[in-house]
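All residue numbers in this chain count up from 1 along the given sequence. Small disclaimer: the values here were computed from a predicted structure and weren't measured.
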Amino acid sequence: MIEKFDSLVEKLDDVQRRLSDPAVVSKQETYLELLKQHKYLKEGVDLYHEYNRLLTSEKEATALLKDPEMKELAEAELKDISGKLDDIKQALQIFLIPRDPDDDKSAVVEIRSGTGGDEAALFSYELYRMYMRFSESKGWKIDVIDKNETGLGGLREITFSVQGQQAYRYLKFESGIHRVQRVPDTESSGRVHTSAASVVIFPEVDEHVDIEIDMKDLRIDTFRASGAGGQHVNKTSSAIRITHLPSGVVVACQDERSQFQNKDKAMRVLKSKLYEMQIQKQQNQEASARKVQVGSGDRSEKIRTYNYPQNRLTDHRINLTLYSLSDILEGNLSEVIEALIKADRLARLEK
């Protein structure tokens, strides 16, 4: 492990030299890729430097044990250093686990209401709002691609992209069935109802990802968008629905004013969905590896329960229970997401 981190130090030095080269700076794509590498390598090198600093401190404290006047203080310091060394060793091992190559990508999110009728649609809107607030806190941009609203302000379904650095890394474990337990406004007896919504997250691919789409395999339909009455989108057939015949994947976009813009967005989502299908196929072929993951691919898995009466959120995959549901629904998802990322890393490390 030490040899690997010595190699990382050399790589970081090389990247830093290249970043200061005017010829590299002028090539934006190369420069941005080097910045990503620099950020990743620096994280590992900083951990390694801290590890070496702790080893030096441990050696100095051990030497003080021979001094009767300093022995008690040295023993206390060694105990503290020992705990920190255990943590940093684990962090170094986790850092060396192969990264998901899609972690740096933006994400596409699909939310669909499930069992529960209008109440499920209202819950779908709450989930959309939660992800929107979380994205705002990260400085990410939300771009709605398609949505189907109800008259009560709910969402039967919505598709949107979350554009920002590492959006997929932070959102990928949200895929699955989300269940809500609460008393609907229409329930006069105060009885708690259970409803559900499904969430699917996949990485948004860019032009550099090689996904071949034969236009002969596509059926493209136009229709009038279903927004609020009087809007421009209702007056022209600007909405687009694309069906990829070989896979059966269907995507739609109606949020833009022009047919061309909607087609461009729909093609982006189609490309991302086909890419995700490739990844899912690879993961299915590596079933033993998937068993150690927290679970970002099983869309039928009930992953989380939102209990309004108890202000409780439970993530069933990692047995996490928090009594701060109201804050979480306001977009304060970091504690949940960081716990999922940590659990996945530890499971991979154990593997």
Output field: ring centroids Phe95/Tyr40 closer than 6.0 Å | yes
How many angstroms lie between atom CG of Leu12 and atom NZ of Lys39, to the nearest 0.5 angstrom?
-> 14.5 Å
Pair Lys265 + Asp146, salt bridge at N-O below 4.0 Å | no
Between the side chains of Tyr168 and Asp104, does any donor sit under 3.5 Å from an acceptor?
-> no
Look at atom CZ of Arg312 and say whether more than 12 heavy atoms of other residues, nucleotides or ligands are closer to it than 6.0 Å.
-> yes
Whether Thr115 side chain and Ser195 backbone form a donor-acceptor pair below 3.5 Å = no
Can Glu330 and Arg133 be counted as an ion pair, charged N to O under 4.0 angstrom?
-> yes
Spell out, as yes or no, whether a donor-acceptor pair under 3.5 Å connects the side chain of Thr30 to the backbone of Val24.
-> no
With a 4.0 Å cut-off, would you call Glu50 and Arg53 a salt bridge?
-> yes
Tyr125 OH: over 12 foreign heavy atoms closer than 6.0 Å = no
Geometric cation-pi criterion Lys273 and Phe202, 6.0 Å radius, 45° cone | no
Are any of the side-chain nitrogens in Asp344 or Lys342 under 4.0 Å away from the carboxylate oxygens of its partner?
-> no
When you check the side-chain N and O atoms of Gln261 and Ser258, is any donor under 3.5 Å from an acceptor?
-> yes
Is the side chain of Ser135 donor-acceptor paired with the backbone N or O of Tyr131 at a distance under 3.5 Å, no angle test?
-> yes
Could you tell me whether the side chain of Arg219 and the main chain of Thr243 form a donor-acceptor pair under 3.5 Å?
-> no
Asp103 and its side-chain hydrogen bond (donor to acceptor under 3.5 Å, both in side chains) partner, picked from Lys172, Gln166, Gln165 | Lys172
Any donor and acceptor pair, going by atom type alone, linking the side chain of Arg317 with main-chain N or O of Phe173 inside 3.5 Å?
-> yes
Test of ring centre spacing under 6.0 Å for Phe160 and Tyr128 = yes
The reported gap from CG in Asp315 to CZ in Arg304 (rounded to nearest 0.5 angstrom) is 4.5 Å
Working to the nearest 0.5 Å, report the span between NZ of Lys4 and NZ of Lys11.
-> 10.5 Å
Under 3.5 Å, is there a donor-acceptor pair between the Arg112 and Ser198 side chains?
-> no
Is it the case that one hydrophobic cluster holds both Val45 and Leu55, taking links as side-chain heavy atoms less than 4.5 Å apart, direct or via other members?
-> yes
Are side-chain heavy atoms of Phe223 and Arg241 found at a separation under 4.5 Å?
-> yes
Check ion pair Arg17-Asp13 (N to O, under 4.0 angstrom) = no
Identify whether the distance between the nearest side-chain nitrogen and carboxylate oxygen of Lys271 and Glu204 falls below 4.0 Å.
-> no
